[in-house]
Amino acid sequence: QAYLKDFDISLRTIGLFSIITSAYTFKFLWAPLIDSIRLPYITKLLGRRRSWLLVIQIMLGCALFMVGQTNPSTHLLQLFIFVTATAFLSASQDIVIDAFRIEFMEEREQGRGAAMLVFAYRIAMLVSSAGALFLSDIYSWKISYAVMGLCYVPIAFFTLMMPEPKVPFKFADKFGVWFKNSCVEPFNDFFKRSGAIAILFFIFFYKMSDAFIAPMLMPFYNELDFTNTEIATIVKIYGFAATILGTFIGGILTDKVSLNKMLFYGVLLQILTNLVFIMMYHQGHDANFLIFTIALENFANGLSAVVLVAYISLLCNKHFSATQYALLSAVAAGTRSFLSASSGILVEQVGWEQFFAISCLLSCPSFLFLYLLKHNHNKLHHDKIQKQHSV
């Protein structure tokens, strides 16, 4: 978003660009392929998960490099193609990483596993956002994206060093057998459980308030005359610290407090922190108030993200971890992909204050589905506690 804003691309176009994140919404469509198809030679050498991860990461590094080589002012369509490829590969990488984590960890460890995932993700965001903004100010966006692409060299090395999860799996030799085991059974297993539709609706609305405002935050800070360096320092450094604190507390509480209560707090915190942006709009260019706003918003984001990841992980059957997690996380990403695409249009129509006020209402339906799923969540929490006691 900052890249496009620096080339004077309109808010409407920046908002519409977020439609590329639909890759995260539809990733469940190709998750069965990644889950159950062997890559020639490399799968036998590295295993089912690591082989896909390595290939995807090499391609991601190349795609990011090409984004920086494209001028938005003169080759906007070309840029769109490279960014879409990046989103597709990134969503594919998520499929493998999520399956890897669920298969590698016991059910009683999923809360802490979720906290570690969000913690690592935020470190990556600090490097790829604050670091990218600093490099763009000091050198250029071309250098910035080239450095991000090169970051995949050590990442690929760590992929080679990781152990493969020890989950028994047999590759199908016939298409009919493969289609039934990999494309039909994962969805059948999920939808035959009680409250399956309500679960999907709850996950869909859970992060909607935050997802809706996300594409407009960088333009909003620019509107208040904050430079890229100021944003990198305040938003990413202070925001990072607040996110880690929220992640840490969320990871502890998820293992101790009932699942229903944690999901409720996760939604409530997101809604309340969005209201603070209205106060910031009236405050104007104030670095101290930006620190306060971002710290609060990122704390809520970190806590709510840990709760959601742990919740989705508990819902997944380990026999279908890649496809089921891809489906559930894709539902959560759907809000970001489609609704957020209209965020720039809404800002231009109603202004910043009304925009943030409307965003607060978008996650409210999740409270209804949370109430309807109370019995299901209590059972999930009870089963987890029983397994912890048995260990």
Side-chain angles (χ1 to χ4, degrees), residues 1-27 29-31 33-34 39-40 42 50-97 120-121 123-160 214-215 217-219 222 228 231-232 236 330 333 336-337 340-341 344:
Q1 292 130 18
Y3 185 28
L4 293 173
K5 185 69 175 175
D6 277 1
F7 281 85
D8 295 322
I9 305 300
S10 70
L11 290 179
R12 184 182 294 258
T13 302
I14 294 174
L16 290 172
F17 245 75
S18 64
I19 197 68
I20 61 167
T21 58
S22 59
Y24 295 92
T25 304
F26 293 111
K27 64 182 180 180
L29 294 176
W30 65 89
L33 299 175
I34 293 176
L39 296 171
I42 192 169
R50 289 192 304 161
S51 59
W52 274 102
L53 200 53
L54 182 65
V55 170
I56 290 169
Q57 287 168 345
I58 292 171
M59 295 174 70
L60 256 174
C62 296
L64 276 171
F65 178 82
M66 291 307 299
V67 169
Q69 304 302 306
T70 309
N71 188 321
S73 298
T74 57
H75 296 85
L76 194 61
L77 178 59
Q78 184 177 319
L79 178 67
F80 182 82
I81 292 170
F82 287 130
V83 176
T84 300
T86 303
F88 172 79
L89 291 166
S90 179
S92 301
Q93 181 182 226
D94 281 358
I95 292 171
V96 186
I97 290 175
Y121 178 79
I123 292 175
M125 287 297 293
L126 180 66
V127 174
S128 64
S129 52
L133 290 170
F134 276 127
L135 287 171
S136 71
D137 266 359
I138 298 170
Y139 300 106
S140 66
W141 281 109
K142 183 179 289 188
I143 296 294
S144 180
Y145 274 100
V147 170
M148 284 193 285
L150 287 171
C151 282
Y152 274 94
V153 174
I155 291 172
F157 173 76
F158 289 128
T159 295
L160 292 171
L217 288 182
M218 285 297 297
N222 290 145
N228 283 350
I231 296 169
K236 305 306 178 183
R336 179 176 56 190
S337 302
S340 60

Taking all non-hydrogen atoms of both residues, which atom of [X] and which atom of [Y] are closest, and how far apart?
X      : Y      : answer
Lys27  : Asp94  : NZ-CB, 3.9 Å
Tyr24  : Ser90  : OH-OG, 2.6 Å
Pro72  : Leu4   : CB-CD2, 4.0 Å
Ile42  : Val55  : CD1-CG2, 4.1 Å
Ile97  : Leu53  : CG1-CD1, 3.8 Å
Ser144 : Ala132 : OG-O, 3.0 Å

- With sequence neighbours excluded, tell me which residues meet ring pair (Phe, Tyr, Trp, His ring centres under 6.0 Å) with Phe80. Phe17
- Query: Considering residues at least two apart in sequence or located in another chain, which fulfil the ring pair (Phe, Tyr, Trp, His ring centres under 6.0 Å) criterion with Phe88?
  - Reply: Trp30
- Do the ring planes of Phe7 and Tyr3 sit parallel (below 30°), tilted (30 to 60°) or perpendicular (above 60°)? perpendicular
- Item | Residues, nucleotides or ligands: over 12 heavy atoms within 6.0 Å of Met66 CE | yes
- Chi angles and distances behind the side chain to side chain contact (heavy atoms under 4.5 Å, CB included) call for Thr70, Ile81: CA-CA 10 Å; Thr70 309; Ile81 292 170; over 6 Å; no
For the [atom1] atom of [X] and the [atom2] atom of [Y], what is their distance to the nearest 0.5 Å?
X      : Y      : atom1 : atom2 : result
Ile138 : Ile143 : CD1   : CD1   : 11.5 Å
Gln93  : Leu54  : CD    : CG    : 11.0 Å
Met59  : Leu64  : CE    : CG    : 12.5 Å
His75  : Gln69  : NE2   : CD    : 12.5 Å
Leu89  : Ile56  : CG    : CD1   : 7.0 Å
Trp141 : Leu135 : CH2   : CG    : 9.5 Å

- Query: Is there a donor-acceptor pair under 3.5 Å between the side chain of Ser128 and the backbone N or O of Ala124?
  - Reply: yes
- Can any side-chain N or O of Ser136 pair as donor or acceptor with the backbone N or O of Leu133 at less than 3.5 Å? yes
So, do [X] and [Y] sit near enough that their side-chain heavy atoms are less than 4.5 Å apart?
X      : Y      : answer
Tyr139 : Val147 : no
Leu60  : Ile155 : no
Tyr152 : Cys62  : no

- Message: Using the rule side-chain contact (heavy atoms from CB on, under 4.5 Å), only one of Leu33, Thr159, Leu39 pairs with Trp52; which is it?
- Response: Leu39
